[in-house]
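Structure first, commentary second.
Here is how names work: the chains are called A, B, and so on, in the same order as the sequence lines, proteins then strands, and each is numbered from 1.
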Protein chains: 4
Amino acid sequence: MRKANPELQQQRRQQILDGAERCFRAKGFHQASMQDIAREAGVSMGLLYRYFENKEAIVASFATTDSAGVIALIDELAASQRPVEFIPGMIRRLARESADPDTMRLYTEVFAESLRNPRLFTALSESEDGVRQAMISAIKSQQAAGRLAQLDAGALADLLFGLVDGISLRATLVRQFKPAVAERLIGTMLASLLKP
Amino acid sequence: MRKANPELQQQRRQQILDGAERCFRAKGFHQASMQDIAREAGVSMGLLYRYFENKEAIVASFATTDSAGVIALIDELAASQRPVEFIPGMIRRLARESADPDTMRLYTEVFAESLRNPRLFTALSESEDGVRQAMISAIKSQQAAGRLAQLDAGALADLLFGLVDGISLRATLVRQFKPAVAERLIGTMLASLLKP
Amino acid sequence: MRKANPELQQQRRQQILDGAERCFRAKGFHQASMQDIAREAGVSMGLLYRYFENKEAIVASFATTDSAGVIALIDELAASQRPVEFIPGMIRRLARESADPDTMRLYTEVFAESLRNPRLFTALSESEDGVRQAMISAIKSQQAAGRLAQLDAGALADLLFGLVDGISLRATLVRQFKPAVAERLIGTMLASLLKP
Amino acid sequence: MRKANPELQQQRRQQILDGAERCFRAKGFHQASMQDIAREAGVSMGLLYRYFENKEAIVASFATTDSAGVIALIDELAASQRPVEFIPGMIRRLARESADPDTMRLYTEVFAESLRNPRLFTALSESEDGVRQAMISAIKSQQAAGRLAQLDAGALADLLFGLVDGISLRATLVRQFKPAVAERLIGTMLASLLKP
DNA sequence: GATGAATGAGCATTCATTCAT
DNA sequence: TATGAATGAATGCTCATTCAT
């Protein structure tokens, strides 16, 4: 008798999610059909439904993104000797990454979907919470070391992430947006705000 | 002989757009069917298509939002005696308005759609441009009056609007977000950035 | 009080039929919509239905073609001194006319429709009958004058018209069809058949 | 693991085409809806579209008729010892077959459609070409054997097929058409034309 | 574990037709 | 006489999902 093979199962799940991502990037959640996804992932319709209960499950699984990258970056911040200089650079980097139209499209799609789907919203919200907590810890540890101004850590975290999101959005939507100029301005602003 | 009645036409168009808005709010663009819209607007399918060539036309007409409100607010800024205090208040107000989940949902939907539909993107982009230009003018006139720091006006406009968008988004997504605290922080930050 | 104006009515009818013909040529009966016809004819939907009970009535009125042209040609045959030469020329001319793809398309459309619509079939059939009777008379008078072989007049008429139709069809469908060669062959064939 | 079953697929395709034929016979191409076809074929809408990309594909597949029967008949001609007698009989048989109103209706429908649909026209034209070439070969071999007059083979083929089509059409359209009389006349005519 | 076959409700859109003015 | 406004059933087609093998 054949035994369940968890590795294979994990691989299949990933294979499907990869196919789904390509479809979602190309068409969006609601425009990508399950047939599209199956074709792109190279599996049959039946298998799709063996690994995911329905389309929503794929979307949810897909949308619950990996925040490991951002958290790693925040950990660098926590360890940085000069957070006042580090933070603007971090913002710049995050904003640039997510201002890539393709990424922006996907992110917006996920966010839009989460505003209709409570389960997804919760998942996204919790993931975001994790990142926020990491940021708060980093801020607090830097404040304890006297390297950062004594501002409300939660509000500061929200401000910093808000800046990332807002700047990414502007970079996408505004033709005349000049990243370098904007980033210098933000650098100046944050330097004066953050210095202890 | 019966004559065409532009008033009636205008009213019907609005009636359809109103119905469409209710559907879009409730379900999103792609989940709202033309039948839904017709039913909600209280017209027949045939009439729907007499007034709008296709679904995309309804979405486009709907998405090309009126920026008159924001521009009016910016005009107040241009006339303000104390822009350094006015700006944070303006940001606060705009952010609160758009942080209403229902509004946020719709705005996100429009933005997401615009990232797939070039025509819509252009329309949105141009509308945003108008607002941005108004802001740039306001900033420059305040700078000329010596009431605002000599920063790059375009970058400053982008920063301010980016803050609005970013803060609205955080307010929606982050449970522990405390509007009052965040707004105070932003106020402090901008005060020091903007004072001449 | 306004009085009915038969001339105007006749003109309107013709105007609609002309518009309909353009539509039918361009799209075919079933692909042309009443809206198309109204637009092309430059009248409103309401007027269309005032002059024709429904779409079928337009098609019927349109399809009941004028056979006056063919009958006139046949009358020339009746008067001809050399029918044995006249007939092949007549066939050639008729076949060429109806081999024009546009005309062929319309004729085929009408015929196809008549095979589904008994009323139309009757009308078409009767019109065809008139032409056939004219041809039979012409043949008989020429036979009486000893200028044509003593063949069954009805069968001969059917053969001649059948040749016209068949040759037109071949001219349309067969790429390598050579009208001149075919017509010469038919000429030879008929000459030997018809000579008294 | 279940394997694709080409036999089943072939059977399903045929089942659909059979249903489609019944619908096309009853209503015509444009009057038969896909729902009609699905119902008549006893399959679901989804399956219909699994086997045929769209309606046009069904029509095309249906219209690209099998010319094997006619070609077989022509091969008999090629082998015949007395082509001058064989040909009129062949024409008679073909004309009778296609003069059946039901068959005529379908044939006319296909032809009409081909005049609007270039792809279909090409298919039909090529099929017709095949038949024509077979006829030309048959004629030439009989001519080489001295059993047929030395006429242009292409023109003769076109004439013969034109006669079939034209006579079939007359048989359908003309109430007083007398097949037996007409066929005798044609027999006489061809006998004198074809004898070497 | 995996596949291909099948479903039928639902979608955007069109159409012949009617009605109020 | 003529128009513009309105209808709603129907159409070609798609889709998430289920099932037998």
Complement of F:dA2, any strand, by Watson-Crick or G-U distances under 3.5 angstrom:
E:dT21
Pick the closest DNA chain E nucleotide for D:A4 and for D:M45 by heavy atoms, then say which residue is nearer the 5' end.
D:A4
Given E:dC15, F:dG12, E:dA2, identify the nucleotide with an atom nearest to the side chain of C:S33.
E:dC15
Given F:dT17, F:dC15, E:dT13, which nucleotide is nearest the side-chain atoms of A:N54?
F:dT17
To the nearest angstrom, the CG-P distance between D:N5 and F:dA20 comes to 17 Å
With nearest nucleotide decided by heavy atoms, which residue, C:G42 or A:Q31, maps closer to the 5′ end of DNA chain F?
C:G42
Evaluation steps, side-chain contact (heavy atoms from CB on, under 4.5 Å), between D:T172 and D:T108:
CA-CA 11 Å; D:T172 306; D:T108 307; over 6 Å; no
Got a sec, which residues hit side chain to side chain contact (heavy atoms under 4.5 Å, CB included) with A:R50, two or more places apart in sequence or on another chain?
A:L47
Walk me through whether C:R22 and C:I37 qualify under side-chain contact (heavy atoms from CB on, under 4.5 Å).
CA-CA 8 Å; C:R22 286 194 293 276; C:I37 294 173; over 6 Å; no
For residues D:R12 and D:Q15, is any side-chain donor paired with an opposing acceptor at under 3.5 Å?
yes
Relative to the 5' end of DNA chain E, which residue comes earlier, B:G46 or D:R50, by the nucleotide with the nearest heavy atom?
D:R50
Between P on F:dT14 and NZ on A:K27, what's the gap in Å once rounded to a whole number?
10 Å
With respect to the side chain of A:Q35, which nucleotide from E:dT13, F:dT11, F:dA16 is positioned closest?
F:dA16
Remember a base hit wins even if backbone is also touched, and classify C:M34 as base, sugar-phosphate or nothing at under 4.0 Å, heavy atoms.
base
For residues 12-23 of chain A, which residues have at least one heavy atom under 4.0 Å from DNA chain E?
A:R12
Might you work through the side-chain contact (heavy atoms from CB on, under 4.5 Å) test for D:E40 and D:E21, ending with a clear yes or no?
CA-CA 9 Å; D:E40 190 66 35; D:E21 172 161 358; over 6 Å; no
Within the pair D:Y49 and F:dT14, is there a side-chain N or O less than 4.0 Å away from OP1 or OP2?
no
Base, sugar-phosphate or nothing for C:Y51? Non-hydrogen atoms, less than 4.0 Å.
sugar-phosphate
Please report the distance, rounded to the nearest Å, between CD in D:E56 and P in F:dG12.
13 Å
Need one value for D:A32: base, sugar-phosphate or nothing, where a base atom within 4.0 Å counts as base even if backbone is also close, heavy atoms only.
sugar-phosphate
Going through the checks in order, is the side-chain contact (heavy atoms from CB on, under 4.5 Å) test met by C:M34 and C:Y49?
CA-CA 9 Å; C:M34 292 299 264; C:Y49 277 86; 3.5 Å; yes
So if I take every side-chain heavy atom of A:S44 and compare against E:dG4, F:dG8, F:dA2, which nucleotide ends up nearest?
E:dG4
Nucleotide F:dT17, atom P - distance to CD1 of A:I37 in whole Å:
10 Å
Rounded to the nearest Å, what distance is computed from the CG atom of residue B:L48 to the P atom of nucleotide F:dG8?
14 Å
What nucleotide, of F:dA5, F:dA16, F:dG12, holds the atom closest to the side chain of B:L8?
F:dA5
Can we say D:E109 and D:R25 salt-bridge, meaning some charged N sits less than 4.0 Å from an Asp/Glu carboxylate O?
no
D:Q14-D:D18 side chain donor-acceptor pair, cut-off 3.5 Å:
yes
For C:F52 and E:dC15, what is the distance between atoms CZ and P respectively, to the nearest whole Å?
20 Å
Under 3.5 Å donor-acceptor pair, B:R2 side-chain atoms to F:dA2 base atoms:
no
Residue B:L47, side-chain heavy atoms: nucleotide from F:dT17, E:dC11, F:dA6 that is nearest:
F:dA6
Length of the CZ-P vector between D:R39 and E:dG8, whole Å:
13 Å
Using a cut-off of strictly less than 4.0 Å, decide whether A:Q9 has a side-chain nitrogen or oxygen near OP1 or OP2 of E:dG1.
yes
Distance in angstrom units between D:E53 CD and F:dC13 P, rounded:
9 Å
I want to check something: taking the side chain as every heavy atom from C-beta on, are B:S61 and B:R13 in contact at a cut-off of under 4.5 Å?
yes
